[in-house]
Structure formats: C-alpha cells, structure tokens
Amino acid sequence: MDARILVTTVALVVAGSAVSAAPPPPDFRNPRLPMRVRVDDLVSRLTLDEKISLLHQYQPAIPRLGIGLFKAGTEALHGIAWSNDYHHNGDVVTATATQYPQAIGLASTWDPALLTRIGSAVGDEARDQHAANPDVFGLNLWAPVVNPLRDPRWGRNEEGYSEDPWLTGRLVTAYAGGIAGPDPTYLKAAPTLKHFLAYNNEVHRDTTSASVPPRVLHEYDETAFRIPLQAGAATGVMPSYNLVNGRPNTVSPELDAIRAWSNQPLFNPSDAFAPGNLTGSEAYYATQAEADAAAIKAGLNSFTQDNTDPAATAAAVHAALDRGLLGVADIDDAVKQNLSLRFRLGEFDPGGGPYGNVKADLAADQRLARQAAAESAVLLKNDGVLPLRPGGTVAVVGPLADTVYSDWYGGNMPYKVTPRQGIAERSGVSFSEGVDRIALKQAGTGRYVTAAGALLAATAPAADPAAQFDVFDWGSGIVTLRNVANGRTVGYNWSGFAADQAQPNGWFVQQQFALEARPDGNVVLRYAGYESAYDWAPSYRTPYVVVQPDGTLNLGAATAAEATEFARETLTSGVDSAVAAAKGASAAVVVVGSMPFINGREDHDRADLDLAAGQEAIVRAVRAANPNTVVVVENSYPTALNWEQANAPALLWTSHGGQETGHGLADVLYGDANPSGRLTQTWYRGTDGLPPITDYDIIGSKRTYQYDTGDTLYPLGYGLSYTTFRYGRVSVSASTMDERGSVRVSLDVTNTGARAGDEVVQLYTHQRTSRVPQPVKQLRGFQRVHLAPGETKRVTFSLAASDLRFWDVTRGRWVVEDAVHDILLGASSADIRAAAQVQVRGETIPPRDLRSVRAENFDGYRGTTLVDESKAAGTAVSASAAGQWLRFADADLRGNPAAFKARLASPAGPATVQVRLDDPVNGRLLTTVTVPATADAYTYADVTAALPRTGGRHDVYLVFGGPARLSTFSLR
C-alpha cells in the first residue's frame with residue numbers, strides 16, 4: 001500500500017474515533033474538582049421541581065442525570081437497627097447486624113478508643129446493609145443521641161451517654177467519628193446527632209416547652225452538640241419534637257447558627273412527622289406553607305413527613321414560593337447542603353469513593369461486642385464474693401437470667417448469649433426465673449383462661465400448660481404474661497388477646513397488664529398498652545378485660561367493678577423456686593432489672609426509680625438463702641438500690657448488653673475481665689427532692705452532680721475494681737495562668753492490689769469565687785490507665801484556661817474570670833484522692849450596665865418562663881401571675897438613670913411592672929409602669945416612666961403585676 005494512503009487511512013480512523021468518543025463527564029462527577037464546585041454544578045442542572053423533591057426524606061431518583069434514590073435515616077444507636085421500606089409505604093425493616101450494649105452502656109466504658117472502634121464497625125456494617133438493599137438502608141445514620149441525661153426519669157435514658165455534657169461530647173465524638181471514618185472529606189457513613197435541643201421529657205413532648213436560661217443553654221445543652229460538630233465527627237443534627245423557650249425546635253434559628261461550629265456543610269433532617277406538628281399539635285402556624293418555609297429558613301434540610309409520599313411537602317414548598325415566604329435561593333441553599341452529604345458519601349464518585357468497597361468483619365465485630373459488654377459493666381459493691389471461681393454450682397435466677405432483650409432502637413441479633421448460658425460455660429448451673437406461674441379461673445364458670453386457640457379464652461376445664469402463665473413483674477403494677485405451652489407473651493391485637501409475641505414490643509407495647517385485687521380475693525385484668533392514653537384507643541374508656549359470650553377475652557369494662565373476675569391460682573411460687581435453686585449453690589447470681597419496651601422508653605417517662613417489688617422480693621429471699629449472693633441489675637437507667645446496697649454482698653450494673661451479654665457478664669463475674677465501667681450519671685436514692693422532669697434549669701434547681709449537694713446513692717464516675725489504686729501527689733506545671741494559657745496536671749497512679757486492672761482517673765475543677773453560682777465540681781478530663789499489680793504510671797492532663805469559661809449573661813459572651821480554681825483528681829466525682837490549685841488571671845466582670853438589656857439575661861427569677869419573642873427569632877420572658885419577678889444583680893446606677901423603658905406584650909389585658917431595688921417585695925420602689933393590652937403575644941408596646949435619683953450599685957428587680965411578656969428594657 002502507498003505510504004500516503006496508509007497515513008491518510010490512519011488519520012481518518014483516528015478522526016472517526018475522536019468523533020465517536022464519549023463526552024467528558026459533567027463536573028459534578030469529577031472527583032478532581034473541589035466539592036463545592038461539584039455541588040454547584042449539580043444544583044445548576046436541576047429544575048425547581050427536582051430541587052424541591054430533594055427536600056423530602058426520600059429524595060427520588062432523577063434518571064436524566066443518572067441520580068438514584070437517596071433515603072435519609074437508618075437507625076444505628078448501638079449497631080445497625082432498622083430503616084423503612086421505600087417500596088412498601090415506609091414499613092419498618094429490621095436489620096440483622098451486630099448489636100452492642102445500649103448507648104448508656106457504651107458510655108459507661110469511659111473508653112473513647114473503644115467507642116471509635118465500635119463506631120467504625122457500625123459504619124462498615126452500614127455499608128454492607130446499604131450494598132445489599134440501598135433503597136431501605138441509607139448511609140445517613142440517625143445516631144448517636146447527644147442530649148445530656150439531666151433527669152434519670154427520662155424514658156430515653158438508655159439512648160444517651162451522660163448527665164455531663166463534656167463527657168457526652170467526648171464519647172459522642174468517638175462513636176460518631178468512628179462511623180464517619182478518618183478521611184477529612186469523605187464519609188464511611190453520615191452520623192446525625194439527635195435530638196437538638198434541651199429534650200429530656202416524653203410526656204407531651206411535642207407541645208412541652210423547655211424554659212432554658214442562657215447559661216444552661218450555652219454551658220449545658222449546647223456543649224454536648226458543639227464538641228462533636230467542632231471535631232468534624234458528625235454531619236448534622238435532628239431537631240427534637242419539643243419547644244425551647246416557646247419555639248418548636250423544628251423551626252429554631254439555631255439549626256442554621258450551629259453551622260458555624262463545623263467546617264463542613266451540615267444536613268439537618270426533621271424528626272418523624274415533626275413538620276406536621278407545626279400546624280397540628282403545636283398549632284404554631286396556620287398553614288403548612290408557612291411552617292415549611294419557616295423550617296427551611298431556620299436551617300432544616302430534610303422533611304421526614306408522610307412516610308414515603310413527598311407530595312404534601314412539595315405542595316407546601318411550592319405554595320410558600322408562590323406567597324413569597326421563600327425564595328429560590330433558600331431552596332438552593334438547602335439543596336446544596338443536602339447534596340454535599342451525598343457527595344461526601346462518594347455517591348457521585350467512580351466506585352463510590354474511598355469507602356465504596358468497605359466490607360464488615362463480622363467475626364471481629366463479635367469480639368468487639370463481647371469486649372464492650374464486659375467493659376460497660378459497673379461494679380457497685382463487692383464484699384469479697386467476686387470474682388467467682390470456675391466450677392461448682394452457681395444458682396442463676398431472676399427474670400432476666402435467661403433472656404437477652406432487644407429495645408426500640410435495636411436490630412435483630414445474629415445470636416444471643418444469655419447470662420445463664422455465659423455462666424454455664426464456667427460452672428454448673430441451677431436455674432429459676434423467679435416468677436410466679438399462675439392459672440386464671442373465671443369466677444362463676446370455673447373455666448380456665450387458655451391460649452390453646454387463636455385468642456385467649458376462658459374455656460379450659462383444667463389448668464394444663466396452655467392455661468398456665470408466667471408472671472413477670474416490671475414495677476409500677478405492670479406485668480407481662482408468658483404462656484407456658486408455647487413460650488409466647490400475651491398481647492392485645494385489636495380484636496382480642498393472644499399469646500403470640502416473642503417479647504414485649506411495638507410502639508404501643510400491647511403486652512402490658514395489671515392484675516388488680518378485688519375485695520373478695522379475686523383479681524381482674526386491666527390492659528395497660530401505651531395506646532390507652534389516647535382517646536381513640538378502645539382501652540381509653542374500657543381498659544378492663546371481660547369474658548365474651550363465646551369465652552374469648554376482650555376489652556369491655558370501664559371499671560374494675562364491671563370487669564370479669566378470676567381466681568388467681570399460684571401453681572409455682574417464683575420466690576420459692578429461686579430459693580430452692582439458691583440453697584446449696586456455691587454462689588447465687590440474681591439477674592433483675594428492666595424490660596426495655598416497658599420501664600422507660602421513647603414516648604414514656606418513668607414514674608419512679610424503684611426496682612420492681614416482685615424482683616426485690618426475689619433478691620431478698622435469695623440473699624437470705626445464700627450468703628454468696630451477687631445481684632446483677634440489667635437495665636437502662638439509675639435505680640434506687642437502697643436495700644441492695646445495704647444488704648447484698650455484691651452488686652453489678654449493666655445496660656442491656658446486646659448479643660454478647662452473657663459472655664461479657666461472665667467475663668466480669670469470673671475475673672477474666674476486671675470491672676472498669678464507671679457510672680455516667682448520678683444515682684439518687686429516690687425521687688424525693690427531684691424537681692419536675694420539665695424543669696430544665698439545672699442551675700436554679702441544683703441538678704446533676706455539678707450543682708447537687710444532697711446525699712446520693714452513687715455519684716457520677718463511680719465504679720469499683722477487683723484491685724485497688726493509690727494516687728500520688730499532684731504536680732501542676734505552673735501556679736498561675738492567664739486566660740489564654742494552660743497548665744499540665746500530673747500525678748502517679750499505682751495498682752496496689754494483686755490483679756491487673758484499669759483505673760479511670762478523673763479530673764474535676766471548682767472555681768472558688770465568681771459573680772455567679774459555679775458548679776460544685778465539673779469534669780474536665782479523664783484517662784483510662786491499665787496497670788499491672790504493683791505498677792505505677794504517670795498520668796498527665798492538659799488544662800487550658802479556656803476550659804474554665806462560662807457564659808456571662810451581662811455581656812452575652814464567654815468569659816474566664818479572675819479566680820482560684822481547685823484541681824481535683826480522683827476515682828469519682830465524690831472520691832477525690834488528690835488536689836491542687838491554680839490562679840487564673842482572667843477578667844473581673846464589671847457591674848451590670850442596664851442601658852440596654854434583653855430580659856432573658858437575668859440573674860435570678862421567680863415564677864417566670866422563657867418564651868419566643870417572635871416566631872422567627874428572639875427570646876422574651878413571660879410572667880403568668882402577679883408577684884413573679886426578675887433580678888438583675890449588681891447593676892451600676894451611679895449615673896442616676898432618669899427613665900425606665902421597656903418593651904412588653906400583654907394580650908390578656910393591661911398589666912403593671914414595678915422597678916424595685918435589692919428586694920422584690922420590700923425593696924425601694926422606683927417606679928411602676930402600666931402595660932396596655934396588646935393585640936397578641938407577638939405585638940409589643942413600648943412603655944416609659946421617669947425614675948427618681950438612685951445612685952450606687954444595686955440588685956434591680958422587675959416585679960410583674962400580672963400576665964405579660966417582657967422583651968427588652970433599659971434604665972437610662
């Protein structure tokens with residue numbers, strides 16, 4: 001062939017190849033470009049309807065751009081738990097995945113390194129679940145729960161970490177950071193922090209407003225969220241159902257303000273159906289268009305509403321645009337924040353980004369679950385009974401001795417190791433659940449209630465196994481009934497009662513009953529499923545059980561007097577059975593505690609702190625029968641173990657510990673693991689002295705270990721070991737530091753016992769003098785230290801002056817005061833072993849300047865609450881009755897202010913406000929202003945009154961003469 005022809009042919013082939021080559025990918029799919037550029041490029045390609053569609057929890061596929069479905073929200077509180085099925089109206093799909101101890105248990109390890117490993121393992125399993133079923137298991141994980149555990153009665157105590165916000169923040173950072181992974185840009189999975197903000201009560205949680213003064217808000221509630229966000233360990237927050245200072249958190253402007261805490265865009269999804277509450281139960285807005293617009297402007301990115309149907313949300317957003325409540329720029333901002341999360345998850349990168357091929361190591365996860373179960377256990381008391389010796393016979397008794405319960409935010413365990421099984425691997429076992437086995441015989445007919453048919457019916461002529469039930473006492477009069485024949489728990493199924501459940505479960509937990517005694521010695525059955533609180537439920541008006549003409553049991557009586565009576569025949573006594581198992585055994589392990597769906601859970605707070613009476617009876621009887629009794633309390637919250645602490649030889653607490661509960665417990669009981677768990681909450685002796693659960697002002701009510709000076713059962717940080725530790729003298733690198741400085745705090749810790757063990761060395765501080773009340777103690781640091789027998793290690797902390805800051809209400813900013821701080825090191829907040837001090841050269845807060853003051857920045861109050869100044873922003877103070885007051889301490893009046901001006905709303909009618917000095921009742925009256933009636937709570941009137949000459953420094957009191965709202969005031 002002619003050379004010229006060959007060259008021409010090659011050129012034509014090359015040219016043709018160039019013409020047919022695929023176009024370059026769009027910028028949003030180019031991983032070499034900055035993330036911001038990629039996000040902007042994708043948003044520029046979307047239509048307005050497509051943008052709005054991305055604001056729903058289920059972000060639909062956009063086929064023309066090759067974009068798939070994105071589902072926000074997979075529950076992963078202590079392992080992958082469950083999500084919702086896009087193809088079946090959001091039905092719950094529960095994952096089978098490694099289940100670790102509950103969050104409160106993980107926190108009790110005081111082991112950030114362990115929590116990081118567990119978080120990483122959860123992230124790996126999230127990738128596995130997503131790869132197997134991407135439409136159900138999204139990579140946005142709704143965990144962890146960050147709310148400080150302010151009140152031990154909170155139903156969701158099991159979901160949190162600690163009453164201390166700094167400790168919560170540290171541990172949350174570890175778990176969430178493990179989930180997210182170490183890459184500075186990309187995410188293994190995307191943890192969302194729940195529930196922002198000041199949320200610790202379940203009763204009427206969607207309509208309750210937490211009144212949170214500025215110091216508590218900044219120093220306590222916000223701190224726990226700020227720490228992980230500043231560390232880059234989380235990708236956003238979920239606002240809680242409740243209101244804070246009168247404004248629903250779903251539309252809190254703080255959702256946008258906290259973006260300054262992170263160096264990455266934040267994705268803030270709503271809680272389920274919370275946007276609908278804005279026009280529903282909360283009635284905060286008249287229309288959903290107003291509500292959704294306010295939420296988007298406040299910083300919400302994703303609407304978890306109407307299950308899988310986005311139509312109503314899209315319609316409301318379109319209406320908001322049409323009415324001028326939103327602009328397209330607002331939509332663009334929200335969508336960019338949404339898509340930033342998806343880009344960081346690698347969705348638009350070839351191969352899914354650096355974590356696209358991550359696979360879980362389930363065998364390693366199993367070992368990790370066992371380690372966590374052991375490390376989370378807290379030894380509360382030990383008179384030498386523990387550790388147990390292998391061999392012999394151990395009595396394992398109690399209602400939790402041979403079960404492992406799941407909880408509302410738990411997944412399916414791949415297997416379960418019960419306490420009985422774990423102990424049986426070390427010793428022979430005698431066993432009893434310690435529960436009464438009963439039969440219920442209908443009075444009059446003599447027929448027994450049986451589970452032989454589809455529904456319970458009083459039709460059996462004799463008490464055969466199908467007519468026998470084991471009674472589990474969970475406290476407060478609530479029991480569950482398990483049928484002996486089939487081993488299933490009795491529950492209500494909307495048409496009758498059936499023994500068909502593996503354990504109490506479901507949102508309404510329809511397996512709860514009370515056996516109420518009648519004067520004639522018989523009993524009646526009261527159904528106590530949680531839906532009984534709602535007027536739409538059949539059991540709301542007729543909670544008592546009656547026998548129908550066909551013999552089946554159903555609801556039908558409003559009072560106990562109208563209910564069918566039964567003779568309760570005790571076939572086997574639980575106490576007698578437990579005692580029989582305990583007698584002659586080398587030791588007795590009594591496993592008692594809670595049922596996670598009953599004693600306290602989302603939507604239901606606890607009424608008391610008591611151990612169930614039936615369970616305490618077992619403990620007392622077994623203790624009398626066997627001197628080597630170990631009481632294991634397996635539950636999700638502090639319990640008033642007063643008798644047990646005084647009388648039981650050994651006490652061990654553990655949360656519900658997941659699939660490896662039995663192995664972890666046995667490892668501790670037999671000494672293979674030296675107990676190192678520490679309590680992350682104060683354990684009170686009871687509810688006496690606790691303020692209402694809705695009182696969020698921990699400073700004013702002197703709550704948590706920081707301010708409480710009362711006698712408690714166990715303090716924060718408490719936990720024993722099988723060995724002992726000696727603390728040496730404290731060395732501080734400098735005796736003074738300025739407000740930008742820091743010191744090193746060091747001491748030696750020695751294991752003085754015969755076993756290796758871990759000590760958790762805790763550093764607290766106390767500020768001796770201050771303008772305001774300061775905590776009795778405040779945790780500033782901790783270290784887990786592993787020591788062999790006789791070994792000494794040097795433990796060093798860094799303490800910065802900035803760690804000692806607090807919120808100055810007089811100037812609305814953080815401040816480090818000039819003061820001496822005690823440095824306290826020990827084994828708990830109440831067990832201080834060594835101390836030193838440091839002088840901090842900080843500020844002296846000047847006298848108050850009252851020339852322009854926001855009322856919320858008071859120093860003291862009586863009767864008033866904090867409310868929303870407007871629906872969009874701001875906080876005001878509301879008085880509901882005459883005599884309520886605000887105090888503004890140490891005000892500088894030396895300039896002889898001539899006028900008092902105030903901005904008030906008084907929708908209930910005219911009201912008055914007095915200005916007094918130094919005392920709210922008998923102090924000098926400077927003036928009284930009358931507030932005219934205003935149109936509504938958000939319409940304010942400016943009032944002015946002349947002042948006499950005053951001078952000096954005084955506490956200024958504003959005393960309300962009736963209902964009114966105060967926004968701002970001044971003395972000029």
Side-chain angles (χ1 to χ4, degrees), residues 102-105 107-108 147-164 200-203 378 380-381 398-400 407 472-479 512 590-620 631-648 651-656 678-696 698 701-705 707-719 828-830:
Q102 293 175 309
I104 186 65
S108 299
N147 306 97
L149 301 178
R150 172 187 59 85
D151 193 300
R153 296 166 295 188
W154 186 32
R156 304 184 77 164
N157 198 88
E158 67 188 31
E159 300 180 35
Y161 285 72
S162 172
E163 72 183 46
D164 182 84
N200 292 117
N201 67 280
E202 297 302 299
V203 177
V378 181
L380 302 174
K381 181 182 179 181
L400 283 87
D407 57 31
F472 290 80
D473 179 5
W474 300 114
S476 301
I478 299 300
V479 303
Q512 302 181 80
V590 188
V591 189
V592 293
S594 68
M595 201 287 133
F597 277 81
I598 292 176
N599 296 94
R601 200 212 68 189
E602 182 177 358
D603 207 36
H604 292 276
D605 294 314
R606 300 162 65 204
D608 57 54
L609 306 180
D610 299 335
L611 187 66
Q615 296 187 27
E616 184 159 302
I618 298 167
V619 172
R620 290 178 182 239
V631 179
V632 176
V633 182
E634 185 182 340
N635 65 18
S636 314
Y637 38 71
T639 304
L641 302 174
N642 298 297
W643 187 91
E644 288 75 11
Q645 175 61 29
N647 296 280
L651 269 174
L652 187 73
W653 174 84
T654 175
S655 74
H656 294 278
R678 302 292 185 265
L679 298 178
T680 62
Q681 284 179 274
T682 301
W683 283 41
Y684 299 96
R685 295 186 180 276
T687 56
D688 291 347
L690 292 182
I693 194 172
T694 52
D695 184 347
Y696 280 75
I698 66 163
S701 61
K702 298 184 178 179
R703 295 295 304 282
T704 80
Y705 84 99
Y707 295 95
D708 186 7
T709 57
D711 178 37
T712 58
L713 183 62
Y714 306 117
L716 179 133
Y718 177 81
S828 80
S829 59

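At distances below 3.5 Å, at least one donor-acceptor pair connects side-chain atoms of R606 with backbone N or O atoms of P152. In this structure, the side chain of S828 does not engage the main chain of P715 through any donor-acceptor pair within 3.5 Å. Although no hydrogens or angles enter the test, the distance criterion places no donor-acceptor pair under 3.5 Å between the side chain of Q615 and the main chain of G398.
Listed here is the closest heavy atom pair of D473 and G475: OD1-N, 2.9 Å. Scanning all heavy atoms of the two residues, the minimum distance from D610 to A640 falls at OD1-CB, 4.2 Å. Nearest heavy atom pair, residue A103 against residue E159, reads CB-O, 3.3 Å. Between T682 and T704, the shortest heavy-atom contact is OG1-C, 4.5 Å. Here the shortest heavy-atom pairing between L380 and Y718 reads O-OH, 2.6 Å. Heavy atoms only, all atoms of each residue included: S701 and I698 are closest at OG-CA, 3.8 Å.
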Item to check | Residue pair E158, Y637: steps toward the side-chain contact (heavy atoms from CB on, under 4.5 Å) verdict | outcome: CA-CA 6 Å; E158 67 188 31; Y637 38 71; 6.0 Å; no
Next on the checklist: Assess the residue pair Y714 and W653 against the criterion (side-chain contact (heavy atoms from CB on, under 4.5 Å)); give the C-alpha distance rounded to whole Å, side-chain angles, the decisive distance to 0.1 Å, and a yes or no.
Outcome noted: CA-CA 12 Å; Y714 306 117; W653 174 84; over 6 Å; no
Next on the checklist: Between S636 and H656, does the side-chain contact (heavy atoms from CB on, under 4.5 Å) criterion hold? Intermediate values first, please.
Outcome noted: CA-CA 7 Å; S636 314; H656 294 278; 3.4 Å; yes
Checklist entry - side-chain contact (heavy atoms from CB on, under 4.5 Å) between L641 and K381: does it pass, once the steps are laid out? => result CA-CA 11 Å; L641 302 174; K381 181 182 179 181; over 6 Å; no
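Rounding to the nearest 0.5 Å gives a distance of 4.5 Å between CD1 of I693 and CG of D151. Residue Y684 holds its OH atom at 9.5 Å from CG of L609, rounded to the nearest 0.5 Å. The CG atom of D608 lies 10.0 Å from the CZ atom of R153; values are rounded to the nearest 0.5 Å. One finds the CD atom of Q102 at 10.5 Å from the OG atom of S108 (value rounded to the nearest 0.5 Å). To the nearest 0.5 Å, the span separating CD on E634 from CG on L400 amounts to 5.0 Å. Note that CZ of R156 and CD of E602 are 3.5 Å apart. Values are rounded to the nearest 0.5 Å.
A 4.5 Å side-chain heavy-atom check between L679 and L716 finds every atom pair outside the cut-off. By the 4.5 Å heavy-atom criterion applied to side chains, F472 and M595 are not counted as neighbours. Taking the side chain as every heavy atom from C-beta outward, E644 and T639 never approach each other to under 4.5 Å. Between N599 and N635 there is no side-chain heavy-atom pair separated by less than 4.5 Å. Between P148 and D164, every side-chain heavy-atom pair lies at or beyond the 4.5 Å cut-off. Side-chain contact between R703 and L690 is present, with heavy atoms from C-beta onward closer than 4.5 Å. Y696 has its side chain within reach of N201: a pair of non-hydrogen atoms, C-beta onward, lies under 4.5 Å apart. Contact annotation: the side chain of P691 never approaches that of K702 to less than 4.5 Å [non-hydrogen atoms, C-beta and beyond].
A salt bridge does not link R601 to D407: none of the charged nitrogens lies less than 4.0 Å from a carboxylate oxygen.
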